[in-house]
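Below you'll find the structure, written out as structure tokens, and then a few comments.
Numbering starts at 1 and runs along the sequence shown.
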Amino acid sequence: MNKGRLEAFSDGVLAIIITIMVLELKVPEGNSWTSVKPLLPKFLAYIFSFIYVGIYWNNHHHLFQTVKKVNGAILWANLHLLFWLSMMPVATEWIGTTNFAKNPVAVYGIGLIMSAIAYTILEHVIIRCEGEDSKLKEAIHSKYKEYISIVFYVLGIATSFFYPYIAIGFYYIVALIWLIPDRRIEKTLKEN
């Protein structure tokens with residue numbers, strides 16, 4: 001199967017996710033700067049989630065630059081990733097409306113870690129489909145960023161029940177780690 005339809009569908013779903021998140025932001029009820037203050041938690045949650053969706057979109061794009069063909073397993077693994085990412089608007093709204101309360105921050109972290117796991121599963125399925133000589137396997141020989149991300153997500157989820165703002169800090173660190181698209185894939189593609 002051609003990978004173009006999968007990429008187009010994924011791009012559309014991610015665009016809808018961002019659209020849903022931005023539609024949850026409401027116009028302030030007044031015209032002074034103080035009328036903006038109650039909306040700040042929701043706006044910060046939106047910015048944070050927008051960055052995360054953008055990171056996944058960038059890395060998904062780079063990931064599929066290595067793929068020659070797709071099969072049913074790749075389609076399902078990709079849908080699994082999109083499922084967890086599609087939960088982002090709900091978690092974003094919850095942390096924004098509760099001013100980053102402990103349970104919503106934990107749920108947000110669970111969504112983040114499940115998206116990371118789903119992305120890793122997608123990588124493994126692609127490698128299995130393309131074989132041992134796949135460009136993706138060559139590119140991701142080191143999993144340091146993935147492992148450190150999981151550690152910070154787990155720390156964030158555990159911390160969220162006691163110090164939700166520190167938990168958000170752990171999630172923020174992971175976002176910083178992945179802000180630049182995966183250079184391993186770019187490097188491998190340039191070498192081949």
Any side-chain to backbone donor/acceptor pair from [X] onto [Y]? Under 3.5 Å, distance only.
X	Y	value
S49	Y46	no
S86	F83	yes
N78	I74	no
K69	K3	no

Any link between [X] and [Y] through a network of hydrophobic side chains (Ile, Leu, Val, Met, Phe, Trp, Tyr) touching at under 4.5 Å?
X	Y	answer
L176	F152	yes
F9	L122	yes
Y52	Y172	yes
I121	L6	yes
L179	L14	yes

H60 and F64 aromatic ring geometry - parallel, tilted or perpendicular at 30°/60° bounds: tilted

Which class fits the ring pair Y153 and Y171: parallel under 30°, tilted 30 to 60°, perpendicular over 60°? tilted

4.5 Å side-chain heavy-atom contact, I148 and I177: yes

So, do E7 and S10 sit near enough that their side-chain heavy atoms are less than 4.5 Å apart? no

For V125 and R128, what are the C-alpha separation, side-chain angles and deciding distance, and is it a side-chain contact (heavy atoms from CB on, under 4.5 Å)? CA-CA 5 Å; V125 171; R128 191 174 67 220; 4.2 Å; yes

Mark yes when over 12 heavy atoms from residues, nucleotides or ligands other than K102 sit less than 6.0 Å from its NZ; otherwise mark no. no

Atom NZ of K26 with >12 non-hydrogen neighbours under 6.0 angstrom: yes

I need the [X] [atom1] to [Y] [atom2] distance, nearest 0.5 Å.
X	Y	atom1	atom2	answer
I117	I150	CD1	CD1	5.0 Å
I18	T92	CD1	OG1	10.5 Å
I17	L82	CD1	CG	6.5 Å
F100	T98	CZ	OG1	8.0 Å
L85	L112	CG	CG	9.0 Å
L39	L25	CG	CG	8.0 Å

Considering all heavy atoms, the nearest [X]-[Y] contact:
X	Y	result
N71	C129	ND2-SG, 3.4 Å
P41	N99	CG-OD1, 3.4 Å
G156	A167	O-CB, 3.0 Å
P28	S35	CB-O, 3.7 Å
G4	N2	N-OD1, 2.5 Å
A118	L81	CB-CA, 3.6 Å

Does this structure show an ion pair linking K42 with E93, if we count only N-O contacts that are shorter than 4.0 Å? yes

If the threshold is 4.0 Å, N to carboxylate O, is there a salt bridge linking E130 and K68? no

Do W84 and H80 meet the criterion of a side-chain donor-acceptor pair at a distance under 3.5 Å? yes

Do the side-chain N and O atoms of W178 and N59 include a donor-acceptor pair separated by under 3.5 angstrom? no

Applying salt bridge (Lys or Arg N to Asp or Glu O under 4.0 Å) to K143 and not counting sequence neighbours gives E123, E146

Might you work through the side-chain contact (heavy atoms from CB on, under 4.5 Å) test for M21 and V53, ending with a clear yes or no? CA-CA 11 Å; M21 288 189 311; V53 173; 4.0 Å; yes

Does the separation of the ring centres of Y108 and F48 fall below 6.0 angstrom? yes

Please determine whether side-chain contact (heavy atoms from CB on, under 4.5 Å) holds for the pair V105 and F161, giving the CA-CA distance in whole Å, both sets of side-chain angles, and the decisive distance to 0.1 Å. CA-CA 8 Å; V105 170; F161 297 107; over 6 Å; no

Check step by step if side-chain contact (heavy atoms from CB on, under 4.5 Å) holds for I47 and F43. CA-CA 6 Å; I47 291 170; F43 185 66; 3.2 Å; yes

